[in-house]
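Naming: A, B, ... by sequence-line order, numbering from 1 per chain.
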Amino acid sequence: MATIAVDDRSSGASGPSPAAPPGPRRRRPGSRLKLRNTLIGWSFILPNFLGFGLLTLIPVVTLFYLSLTEWNVFGGAEFIGLDNYTRMIGDTSYHTALFNTIYYSAVHIPATLVASLGLALLLNRKLRGVAFFRTVAFFPYITSIVAIAVVWNMLFSPEYGPINQFLTFLGVDDPPGWTTSADSSMPAVIIVGVWREMGYYMLLLLAGLQTVPGELYEAARVDGAGAWGRFWNVTLPCLRPTMFFVTVILTINSLKVFDLILVMTDGGPGQSTLVLSQFIYSKGFEENQFGYASAVAVTLFFICIAVTIFQFFWNRRKDA
Amino acid sequence: MTTVSPTTSVDASTSPLRPAQVRARWKRQASRAVGYAALLVAAAGILLPFVWMVISSLKENNQVFTVPLQWIPDPVVWQNYIDIWAKSDMVTWIKNTLILSVSVTFLQVLTGSFAAYGFSKMRFPGRDALFLLYVATIAVPWQAYMIPQFVMLSNIGLSNTLWSILALQTFSAFGVFLMKQYYESIPESLSEAARIDGMSEYGIWRRIILPLSTPAIASLTLLTFVNTWNDYLGPLIYLRSPELWTLQLGLQTFVGQYNAEHALIMAGSVISVLPIAVIFLLGQKFFVRGIATTGVKG
Amino acid sequence: MKRTIPTAAGAAAAVVLALTACSGGTADEAGGGGGDDTAAPAEDEAVTLSLAGWSLSTTPEFQTLADAFHEENPNVTVELQEYDASEYDTQMTADLAAGSAPDMYVLKNLKNFWTYYDGAQLLDVSDVTAELDPATGGADFYEVDGASWAVPYRQDSWFLYYNQDLFDEAGVDAPDGSWTWDDYVTAAQDVTEGLGDSDALGAYQHSWQSVVQGFALAQSEGAELTSGDFGYLEPFYDRAVELQDSDAQVDFGTVTTNQLTYQAQFGTQQAAMMPMGSWYVATLLAQQESGDADEFNWGMAPIPQVDSSTTGMDATPVTFGDPTGLGINPAIDEAKVDAAKEFLAFAAGEGGADALAAIGITPALLSDGVVDTYFGLDGVPGDELSQFAFATHDTRPENPVDPDTAALQNILGDTHSEIMSESSSVADAIAGAEDRAASEVG
C-alpha cells in the first residue's frame with residue numbers, strides 16, 4: 001500500500017505527462033527531438049566514455065581475442081581457436097576453482113547483504129556517537145589485510161583460539177580446524193570476507209537509505225504498520241535502485257575474490273580455497289600461459305554477466 | 001529495536017508521571033544502555049585487527065609474529081615511528097598518494113556523475129546496451145588484462161608516471177553505476193518541472209540533481225579515495241621510480257628478499273590508516289536525508 | 001609523445017649502503033665510493049648500462065657489483081633500476097612486454113627462467129659461460145639446446161643451522177656432519193625432550209615446499225621432477241609429519257596461520273636446528289647486530305643425507321639450491337652488448353665473487369680465496385664443520401629447467417599444504433599430485 005504512494009507522488013505532481021514535448025520547441029516532434037536527446041545524452045557520457053573506452057574497453061576486447069590464442073606475453077599470440085576452452089573441460093583444477101568460487105559467492109553474497117543492511121539500518125538512526133560507530137564499521141575495509149589475516153587466524157586457531165574455546169564451552173566435541181584444515185577453510189575465509197566487507201556495503205546502503213521519504217514512514221505508521229511492515233513496504237521498495245547496485249557489485253566482487261584468500265590461506269590447504277582469480281593469476285604470471293588465463297577470465301566474465309542480467313531483469317520486473 | 005528511536009522518546013510530558021510510565025521509561029533507558037554496551041563490545045571486536053596493528057607497530061621486529069600472540073609489547077618500541085620517517089621517504093610517498101587520491105576522486109566523481117545523468121535521465125537508442133557494457137567490464141578481473149593495458153599505456157609513454165594511475169582509476173564504471181542508481185531514486189518530477197521552466201539538461205544536472213545527490217557523492221568520494229589510497233597492484237605495475245612511489249608501494253620496500261621489517265610496516269600501515277579514518281569521520285555526516293525526498297510534496 | 005627513458009629515473013635511486021646486510025666494516029668501504037660518475041664523461045667511449053635490482057636500500061649486492069665493476073672498467077657505469085622484491089617477476093614481465101626493461105636483469109629464481117627463455121627475452125651468452133671457471137656453481141643450469149642464456153653470480157645452497165647453546169643445554173650432541181635424516185629427527189626429538197619446559201623446540205622447518213621437496217628431489221636416487229612420478233617424496237614427508245606430530249617442531253598450521261618467520265624462530269632461540277639457505281648467515285649476523293636476534297653460539301653443518309654413503313667430512317654432501325643469474329635483455333643497444341657481457345663475466349667471475357663474499361653473500365664461484373674472504377667476516381663461525389658445510393656440497397637445482405617445471409611445482413605446492421596440514425595421508429596426497437600432473441601438464 002505504501003509502495004503505491006511512492007509512484008503516485010513521483011508522477012502525479014508533475015503536471016504535463018512526460019511524453020509531451022516540452023515547452024516552445026514543437027517543430028518536428030519526432031526525429032529531431034530524438035536526435036537532440038541522443039546528442040545531449042552522449043555529451044554527458046562522452047567525457048567518461050573516452051577514458052573508459054580507451055583504457056578499459058580496448059584491453060578487455062583484447063582479452064577476448066587472447067583467450068583464443070596461445071600467448072606467453074612477450075611474443076605474438078598464436079591463434080588456436082577454442083582449444084583453451086576445451087582444455088578447461090578436462091582441467092580438474094579449473095573445476096575445483098570454479099566450484100570454490102561459486103561456493104564462496106553463494107554464501108558470501110547473502111550473508112554480506114544481510115549484515116551490511118542490518119548495519120546500515122542500525123547506523124541510520126540518530127544514535128549518540130553514530131559517527132564513531134559508522135567509522136568503526138568501515139574500519140575492517142581499511143585495516144591492513146595482513147593484520148586481518150593474522151588476527152583472524154589467531155581467533156581461528158584450532159587449539160588456542162577463542163572461537164574454538166567458545167565452541168568447546170558450548171559442548172561441541174570436535175570443533176573445526178578452520179584455516180588449517182581442508183574441510184573448514186572455506187567457511188573460515190567466508191566469515192572473514194563478510195566481516196571485512198560489510199562496512200563497505202553499509203556505506204553504499206546508507207547513502208540509499210537517505211532517499212526514503214520520511215513522510216512515507218509516518219503514513220505507514222498511521223496505517224498501523226509495525227517495524228517489520230515499514231521495513232518491508234517502505235524501506236525496501238525505496239531502496240531498490242541502491243539494492244540493485246549493491247547486489248550486482250557484491251556479486252561481481254565475490255566472484256572475483258582474490259587478495260583476501262591469498263593472504264588468509266593462499267588457496268590451501270591443498271586446493272580447498274583455490275578460487276578462479278587466483279587460478280588466473282597463477283596460470284598467467286607463474287606458468288606464463290596467458291592465453292589460457294585469458295580464457296578462464298572470459299568464463300568468469302560470463303558467469304558474472306549471467307548473474308547480473310538475471311538481477312537486471314529481476315529488478316526491472318519488480319519495478320514494473 | 002525500534003525503541004531506540006529518538007522520536008519516540010520525546011517525552012515533553014508536563015503532567016506528573018504515573019508509575020507505569022516511570023517503569024516504561026526505566027525499561028527504555030535500560031534497554032538503551034544494553035544496546036549501547038552491545039554496540040561498544042561489537043565495535044571493540046571489529047577493531048581488534050587494527051588494535052593488533054597498533055600493538056605490532058610498537059614491537060621489535062622479531063616479536064611481531066609469535067605463538068601465542070603477544071598482546072603487550074615488551075619493550076614498547078616508539079622508535080619505530082621515528083625510524084620510519086628517518087629510514088624511508090615517507091613524505092614523498094604520502095605526497096604522491098595524496099595527489100593521486102585527491103585528483104582521482106575529483107575526476108571520478110565529476111565524470112562519473114556527469115555520465116550517470118546521461119544514463120539515467122536521458123533517453124536515446126543504445127543507452128541500455130552501452131550501460132550494460134560499462135557494468136560488464138567490472139566483471140573482468142584486472143589481473144587478466146593488466147598486461148595488454150600496461151603495454152598500451154607504455155606505448156603512449158604513460159608508464160612510470162603518476163598520469164598512468166590517474167588514467168587507470170578515474171574512468172571506472174563503478175562510479176557511473178553508483179551515481180546512476182542513485183539518480184534513479186530522485187523523482188522525475190523535479191527535472192520535469194525544471195525543463196518546463198526552460199532549464200537545459202546541463203543546468204538540471206548542475207542545479208538540481210547534483211545538489212540532491214550529496215549522500216551518493218559522499219559515498220563515491222569516500223570509496224574512491226580509500227581505494228586509490230590503498231591501491232597496491234596498480235602502482236606496483238606502473239610506477240618504478242622511487243620518487244613516484246605511493247604509500248602502499250613504499251611500505252613494501254620494507255620487505256626484502258630474505259627479510260622483512262614487519263614492525264616498521266605496521267607502523268607505516270597505522271600512519272596510512274589514520275588520514276582515511278579522519279576523512280571518513282568527517283565525511284559520514286553527509287549521510288543525512290536530503291531535500292531530495294522531503295521536498296517532493298508537489 | 002615523449003617516451004621516458006626509465007634508466008635515468010632508476011639512477012636516482014641513491015643507494016644507501018650503510019645498511020649492508022653484514023656487520024663487517026669491509027662492506028662500508030666497498031659501498032663508500034659514491035662519486036663514481038664523475039669520471040665517466042672524460043672517457044672516450046663511456047657506456048652506461050642499466051641493471052634491474054630489488055629493494056636497493058636493503059639489498060646491497062647490486063650496487064656492490066656495479067661499483068666493483070666500475071672500478072675495474074672506469075668507462076662503464078652500471079645504473080640500477082629498482083624493482084619490488086616480492087613482485088619482481090610480475091614487474092619484470094610487464095616491463096619486458098612493454099619494452100621498458102633495463103639492459104640487464106636478474107633471474108631471481110630458476111623457476112621463472114623458462115618463462116624468459118621461452119619468450120625470447122634473453123640474449124645468448126654462451127661465449128661468456130664458456131670463459132667461466134668450471135667450478136662456478138649452477139652455470140650449466142641455464143643451458144638449453146646447447147646454448148647458455150644467463151650466468152649465475154650467486155648460488156645459495158642449503159645446510160643445517162644449529163644453536164650450540166641449546167644443544168648443550170639439552171645435553172645432546174650437536175651435528176657433526178655424519179647425520180642422516182633419521183639421525184636428525186631423533187636429535188630434534190631428543191633436544192625437545194632435553195629442553196623440557198622451555199619454549200624452544202628441537203627443529204624448525206619453515207612452511208615452504210622446498211624445505212621438504214628440495215631435499216627429496218636432490219637426494220633421492222632417480223628422482224626426477226618432470227617424470228610425474230612423485231613417490232620419492234614419501235619418506236621425506238613421513239619424517240616431516242613425524243617431526244610435527246611428536247611436537248619436536250611447530251606444526252604447519254601454526255606456522256602458516258601465525259605467519260611465523262624463520263628469522264625469529266632461529267634468531268630468538270625458539271629452535272635448536274633449522275635447515276635453511278646460505279643467505280641466512282648475513283641476515284642472522286645483521287639481526288644480532290641490530291638486537292632483533294639474540295647472541296648465541298651457532299654453527300653450520302652439512303644438511304642430513306638419505307644414507308651414510310654421502311655423510312662425513314670425506315664425502316661430498318648432496319643438497320639443493322637454485323642459482324641467481326644475470327641475463328641480457330635482447331632489446332639492448334647493439335653497441336652496449338660487449339660491455340654487458342663483460343659485466344656478466346665479471347659478476348660471475350672471481351672479481352664479483354670476492355666483492356659479494358665481502359658483504360656476506362654466497363657467490364656462485366667458491367674459490368679458496370672467496371671462502372677465506374667470507375669467513376673473514378666478523379661473526380661468521382669459523383669452525384671446521386661450518387667451513388666444510390659452506391664450501392663443500394653437491395648442489396642440485398630445486399627447479400630443474402623445463403617447460404613444465406612451474407606447473408609441476410604449483411601442483412606440488414598444493415600437495416605440500418595438503419600433507420602438512422594433515423588433510424590427507426601422505427600416500428593419498430602424492431597419488432593425487434601424480435594424477436593432476438598427468439592430466440594437467442604436458
Exercise. So what's closer than 4.5 Å to chain B heavy atoms on C/Asp199: side chain, backbone, both or neither?
Worked result: neither
Exercise. Do any of residues 99-116 of chain B come closer than 4.5 Å to chain C, heavy atom to heavy atom, and if so which ones, in number order?
Worked result: none
For this session: Could you grab the distance from atom OG of C/Ser290 to atom CD of B/Glu261, nearest 0.5 Å is fine?
Result: 8.0 Å
Seminar exercise, completed: If one checks every heavy atom of B/Met146 against chain C at 4.5 Å, the contacting part turns out to be side chain
Exercise. Which atoms of C/Tyr83 come close to chain B, meaning under 4.5 Å heavy atom to heavy atom: side chain ones, backbone ones, both, or neither?
Worked result: side chain
Exercise. From B/Glu60 CD over to C/Gln287 CD, what is the distance, rounded to the nearest 0.5 angstrom?
Worked result: 11.0 Å
Seminar exercise, completed: Taken to the nearest 0.5 Å, the spacing of B/Ser241 OG from C/Gln81 CD works out to 8.0 Å
Problem set entry | CD-OG1 distance between B/Gln143 and C/Thr90, expressed to the nearest 0.5 angstrom | 10.5 Å
For this session: Under 4.5 Å, counting heavy-atom pairs only, tell me which of B/Leu236, B/Ile237, B/Val64, B/Ile147 racks up the most with chain C.
Result: B/Leu236
Problem set entry | Minimum heavy-atom distance B/Phe150-C/Ala98, with the two atoms named | CE2-CB, 3.4 Å
For this session: Pick one of side chain, backbone, both or neither for C/Asp84, based on which atoms fall under 4.5 Å of a heavy atom in chain B.
Result: side chain
Exercise. What do you reckon, is CH2 of B/Trp163 surrounded by more than 12 foreign heavy atoms closer than 6.0 Å?
Worked result: no
For this session: Please lay out, stage by stage, how B/Trp245 and C/Glu82 fare under the test side-chain contact (heavy atoms from CB on, under 4.5 Å).
Result: CA-CA 11 Å; B/Trp245 285 348; C/Glu82 180 147 16; 3.4 Å; yes
For this session: Enter the distance from B/Arg240:CZ to C/Ser100:OG here, rounded to the nearest 0.5 Å.
Result: 6.5 Å
Problem set entry | Rounded distance (nearest 0.5 Å) linking atom CD of B/Gln252 with atom CD of C/Glu87 | 7.5 Å
For this session: Answer yes or no: does atom CH2 of B/Trp85 have more than 12 heavy-atom neighbours from other residues, nucleotides or ligands under 6.0 Å?
Result: yes
